[in-house]
Structure formats: C-alpha cells, structure tokens
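Before any comments, here is the structure.
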Number of protein chains: 2
Amino acid sequence: MTDRPRAPVSAGLRRDLEILELLARPEHASGGLGVSRIAELLGREKSQVSRALKALESEGMADRDPESLEYRLGWRLYALAARTAEARLTHLAAPYLRRLVAALNETTHLCVLRGSGVLTLLSVSPTHAFRGLGWEGVTVPVPMTSAGRVLLSDWAPDTLRAWMASWLKESPMPGHPRQRPPDIDYLLREIAMIRKRGFAAVDEEFEPGLVGVSAPIRDFRGGIIAAINVSAPKGRLGGHLDEAGRRTLAVARELSAKLGYHPETRPH
Amino acid sequence: MTDRPRAPVSAGLRRDLEILELLARPEHASGGLGVSRIAELLGREKSQVSRALKALESEGMADRDPESLEYRLGWRLYALAARTAEARLTHLAAPYLRRLVAALNETTHLCVLRGSGVLTLLSVSPTHAFRGLGWEGVTVPVPMTSAGRVLLSDWAPDTLRAWMASWLKESPMPGHPRQRPPDIDYLLREIAMIRKRGFAAVDEEFEPGLVGVSAPIRDFRGGIIAAINVSAPKGRLGGHLDEAGRRTLAVARELSAKLGYHPETRPH
DNA sequence: GTGTGCGTTGCGATGTGCGCAACAAGTATT
DNA sequence: AATACTTGTTGCGCACATCGCAACGCACAC
C-alpha cells in the first residue's frame, strides 16, 4: 500500500481463475454453483462475480443452466485443454498404463511435476477396483511420494537442496497436516538409490497403509518429463514391491522409447 | 468509440483467451510461440502481450521454455478440465440422448466402464415406453454387450486378452448364468470391426430377442470414457440396425466434440 | 562499429473494474 | 395477500490497473 514500486498485478485473471477453480472442485462439478454462493466462497462482491461470470460465459469458459442459473465449466476450457502437452502425453501413455494394470492388477497413474506438487494426469484401474475418478487433476506433495521423488531424480544435489528449501516455505501441507516432509539428506539418499536401480518405492510415507512404486518417463531430450506410478494397499502389493517396481520400470522404458528417448541421450 | 451506451466489456479476458487460442492452434502446439510473433498475429502491442503472458504463466495457464522463451499452453488448463470431465459428461449427455430417442423412437442409455461391468448412468425412453426404473445404476457384463465392447475398443489386443482373462476369473456371470461369454478371438474380431465402422452392434447375444448398437464417447484427452447405447426388441429395431448404428455414432460424435474431443487428438 | 531482431520496463493518460446501493424476480413465512 | 426473505442484475462515481508509446538491455549479424 505504501511503496509498491511497481505492481504488475493482473487482478482480473486471478479472479477469473479463482472462479474456474471453484467450479472445478469435485463437490461442485456435478451440481453447479450460483452467483451468491461463489461470491461467498470467494469473499468477493457478488456484483463482480456476476459480471465476471457473464464475461466468462460469453467467452465459452463457463456454461450456465438457464433454468437454475447455475454455472459450470464451459466447452472452451475443454477445447483448450485438449491441445496442451499434457493431453498429448496422456493419450500416448494410456495404452502403456493399461498394460501395466493388466500385469499387476493394481491402479496405475501418470504423474508430472506441476509447480510445487505432483499432478496426476491419468489413472487406470483394474477390473476389480471401484473406480479411478479419484486422482485425475489432483496434486499431492512432491517429496513424500514415489512419483515426486522420481520426477526430481535427475536434478543436481544442490539444485535439489535449493528447491526443497523453497518448497518447504511455500507448502504448508494443505490437507495432510500430520505428514512431515522428509529431511533433505534422507531425500538425497533416496534419490541416489532411485538413480541406481531405476525406480522409486515408498512404504506408507504418504498415507498409512499405502505403498507405491514409480519409474521415470523421458522424452527425446533425455530429461524426465513424467512418472508412472503404481499405488496399492500394503497388504496386496507390499510383498512383491520390488517386482512391481521392475515391471513399472520396464513399461516406463518402453514409453520413453516411444517418445524418442535413447539411453545415450542423457542430459548434460 | 463514440457512444457505447453501456459497454460491459472484459477486455482482459478476451485478450487472454485470444492468446491462449493462438497457442492452442495445432500448428503452434508443438513448437511454441514468441512474444513478438503473438503480438503480430493478434495485432496488439507486444508490451501488452509480454505482460499478459507473464501473468498467464504465473497462473499456470501458459508454460514458457526458459531457453527459447517460447510459450505454450499450461498445465492448469488440463488440471481444470480433467477434474470435471466426468461430471460434465453426465450433465451434458441428456439432451443428446433425447435427440437420439426422438430420431429412433427407442430407449437409449449412457454407459461407462466401472469395476468389472458396464454401468448405465442415464436412460432416456420414448414417451410410449415405461418410464424410468429401467437400467440406471445397473451393471451388465462387459463382453456380451455392445456398449461394453465399444468401451474396450481402443485397447491393444494383448491388453485385452489379459483383461479378459482376469474378468473371466472374477465374474461368474451373476444373474445371467446361462450366458456364456464369447471367446477372446471372436471378441477381438468384433472389436476390430467396431474400430473400423465406428459403432458396435449385437444381435441377441446378451438377451434373446434383444438387439442393440453402441458408439463411443471420447473426451478432450482423446480416450473413450463412455458409450451411447440403443437397445430394443429385435422385432422393432432389427430391420434397420445399421442405420440406428450410424445415427448413434453421429450423436456420439457431437457429444464428444462438446467434451472437447478433436479427431486429430487420436494416437497415430 | 552499426545494423537488425528479440523481449522487457517506465510512465502518463485513459478507460475499466471495483464496491456500494438500489432494483427486479422468485420463494418461503405469517 | 402482504411480508420478509432469498438470488441475480444493474447504475454510477471514484480509484487504480491497463494501454501504448518510447526507451532500454541483450543477442546476433555483418
């Protein structure tokens, strides 16, 4: 307020995205939301929300049910999303994940590093599972998950320390308050092991009773762009976690090859 | 310029979407675009484009390659869309099913793969038929129904074999003891035909006297997420099953487009 | 050296979004 | 029926964010 030297703010964009993010929350996605409720949840003036939503609707970013006057996400968002790099990767990866599911009979995920979290792009579940649906589009903390560690595993140690320090500052563990992140040296040792054997395994570090393995996906440039993850209750997968890791790694290597990766193309 | 009586414009949003739309163009999607080129294509000041893109990037709507300084679409679009795809489907499908009902005068269903069966999310019947209470919430075995076969139809043959094997183990045909599942080679041939002509048809395989056609629904990721099915007594629909299939396919394509599916999103 | 291309930044004038308050329309309460 | 609630939209003045120009930093070419 006093001496902001230059405030490169884009208030409108942030407001619009807050609204869209709210519409995307799973608990609202099915029903839709009205103006007043959105304004209340966001702590904004309903007049602003009304005008913003009208604009969003006229641009196709939100749809409105003419009867109930409730808003939901619009067609244009989906059209745009189809063109992202993530969509292409997801599409290529789907058959590989299905093969892994057929082999292991456990749910598999395709994950990427997004900002300060691990974003799940795609989940594929075996026949006996209730339903995937849970994790797509959701982010989980990086350092406690096998997928997150794999995604960090080609970084230099000092880069990693710096990243981890800033991550700790900005990530107050929303939703998982009891979890404490691992200390950095432990993480570095884990990552060294990941590089050695090619895949990561975690045993109840992220969720009690849950184990998981992950292996990296590389593209033609040689860097890690994504991870394939398998997660399951410890009772089912705990006994043969190592074998699951090797199979995951094998599938990840095939997908990497499909993306143009050659093992000698390692990054600098 | 002179007397805009009331201008409820949201210039910022429009500008941002113009930029995103440009980044989404297939010819740029792989390469990325620089600030000057975007400004030129849009006829805007490059300073504005620079600032707008900085904001978009900070919100995750655009990604920037630090080397080439080129922008492309960001992860957040994908994350927003992925979380709501399912809810959006159930909400959007109803009018399309009704249109199909109006055209064919037969009951139509919206089906998804859930667990080891085909779950019907929504049924729409013509006025003369019994209302409701038909199939919503009910699951039927995958391999004997046209909807089930459609839902499997973008899987690779070996994945399909593995899936089918585990399905046979865990699905003792509850409720339909006299039905024997088709052998796998037959199923593979059927699926090959589905891929070729775009829809599936079954003739009394699931229930004596019952015929049905199904066509796939794809979302912005390109994968099959649901199927539209038309089922009817053979006496009524059997004569023009092929035409019904083509009409179902046409409606399914429209719905897929509404969900953000672009045909060129298909894998090779 | 000077030429081009790129992307970023300072700054004043302009125009847009902000927030209050009034309004319209619908639904429950008496 | 009249009232008191909803919920969503709109008018309007002021403040401030954005626009567009111009200058700048930087890289590369010749």
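Sequence lines set the chain letters: A, B, ... in the order given, protein chains first and strands last, and positions in each chain run from 1. This structure is a prediction, so every number in the text was calculated from the model and none was measured.
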Check: Expressed in angstrom and rounded to an integer, what is the separation of Leu56(B) atom CG from dT18(D) atom C1'?
Finding: 14 Å

Checklist line | Rounded distance in Å - CG (Leu53(B)) to C1' (dT8(C)) | finding: 13 Å

Notebook entry, point to check: How far does CZ of Arg83(A) sit from CG of Leu77(B), to the nearest 0.5 angstrom?
Noted result: 12.5 Å

Next item on the list: With sequence neighbours excluded, tell me which residues meet side-chain contact (heavy atoms from CB on, under 4.5 Å) with Thr120(A).
Entry: His109(A), Cys111(A), Ser123(A), Trp135(A)

Note to self: Over all strands shown, is Arg15(B) touching base, sugar-phosphate only, or nothing at heavy-atom distances under 4.0 angstrom?
What the structure shows: sugar-phosphate

Checklist line | Distance in Å, Trp75(A) CH2 paired with Arg88(B) CZ, rounded so as to fall on 0.5 Å steps | finding: 10.0 Å

Check: What integer distance in Å separates Glu67(A):CD from dT27(C):P?
Finding: 11 Å

Check: Is a salt bridge present between Glu40(B) and Lys46(B), judged by a nitrogen-to-oxygen distance below 4.0 Å?
Finding: no

Next item on the list: Starting at CG of Asp183(A), measure out to CG of Leu188(A) and round the result to the nearest 0.5 Å.
Entry: 9.0 Å

Item checked: Which residue lies more 5' along DNA chain D, comparing Gln48(A) with Leu13(A) via nearest heavy atoms -> Gln48(A)

Next item on the list: Quickly work out the Arg14(B) CZ to dG17(C) C1' distance and round it to whole Å.
Entry: 15 Å

Margin query: Does atom CZ (Arg64(B)) have a neighbourhood of more than 12 heavy atoms from anything else shown, all under 6.0 Å?
Written below: yes

Next item on the list: Calculate the interatomic distance between Asp16(A) atom CG and dA17(D) atom C1'; express it in whole Å.
Entry: 15 Å

Extract from the structure each pairing of a protein N or O with an N or O of nucleotides 2-4 of chain C at less than 3.5 Å, listing the distance.
none

Could you run down the sub-3.5 Å N/O contacts of the protein with nucleotides 6-9 of chain D?
{"unit_1": "dG8(D)", "atom_1": "OP1", "unit_2": "Val35(A)", "atom_2": "N", "d": "3.1"}
{"unit_1": "dG8(D)", "atom_1": "OP2", "unit_2": "Val35(A)", "atom_2": "N", "d": "3.3"}
{"unit_1": "dG8(D)", "atom_1": "OP2", "unit_2": "Ser36(A)", "atom_2": "N", "d": "2.6"}
{"unit_1": "dG8(D)", "atom_1": "OP2", "unit_2": "Ser36(A)", "atom_2": "OG", "d": "2.9"}
{"unit_1": "dG8(D)", "atom_1": "O3'", "unit_2": "Arg64(A)", "atom_2": "NH2", "d": "3.4"}
{"unit_1": "dG8(D)", "atom_1": "N7", "unit_2": "Lys46(A)", "atom_2": "NZ", "d": "3.2"}
{"unit_1": "dG8(D)", "atom_1": "O6", "unit_2": "Lys46(A)", "atom_2": "NZ", "d": "3.2"}
{"unit_1": "dT9(D)", "atom_1": "OP1", "unit_2": "Arg64(A)", "atom_2": "NH1", "d": "2.5"}
{"unit_1": "dT9(D)", "atom_1": "OP1", "unit_2": "Arg64(A)", "atom_2": "NH2", "d": "3.2"}
{"unit_1": "dT9(D)", "atom_1": "OP2", "unit_2": "Ser50(A)", "atom_2": "OG", "d": "2.7"}

Next item on the list: Write down the distance between CD (Glu45(A)) and C1' (dG19(C)), rounded to a whole number of angstrom.
Entry: 5 Å

Check: How long is the span from the CG atom in Asp154(A) to the CD1 atom in Ile224(A), to the nearest 0.5 Å?
Finding: 4.0 Å

Checklist line | Rounded distance (nearest 0.5 Å) linking atom CZ of Arg114(A) with atom CG of Asp63(B) | finding: 11.5 Å

Margin query: Could you walk me through whether Arg51(A) and Gln48(A) satisfy the side chain to side chain contact (heavy atoms under 4.5 Å, CB included) test, starting with their C-alpha distance in whole Å, then the side-chain angles of each, then the deciding distance to 0.1 Å, before giving a yes or no?
Written below: CA-CA 5 Å; Arg51(A) 287 191 255 248; Gln48(A) 289 320 307; 3.9 Å; yes

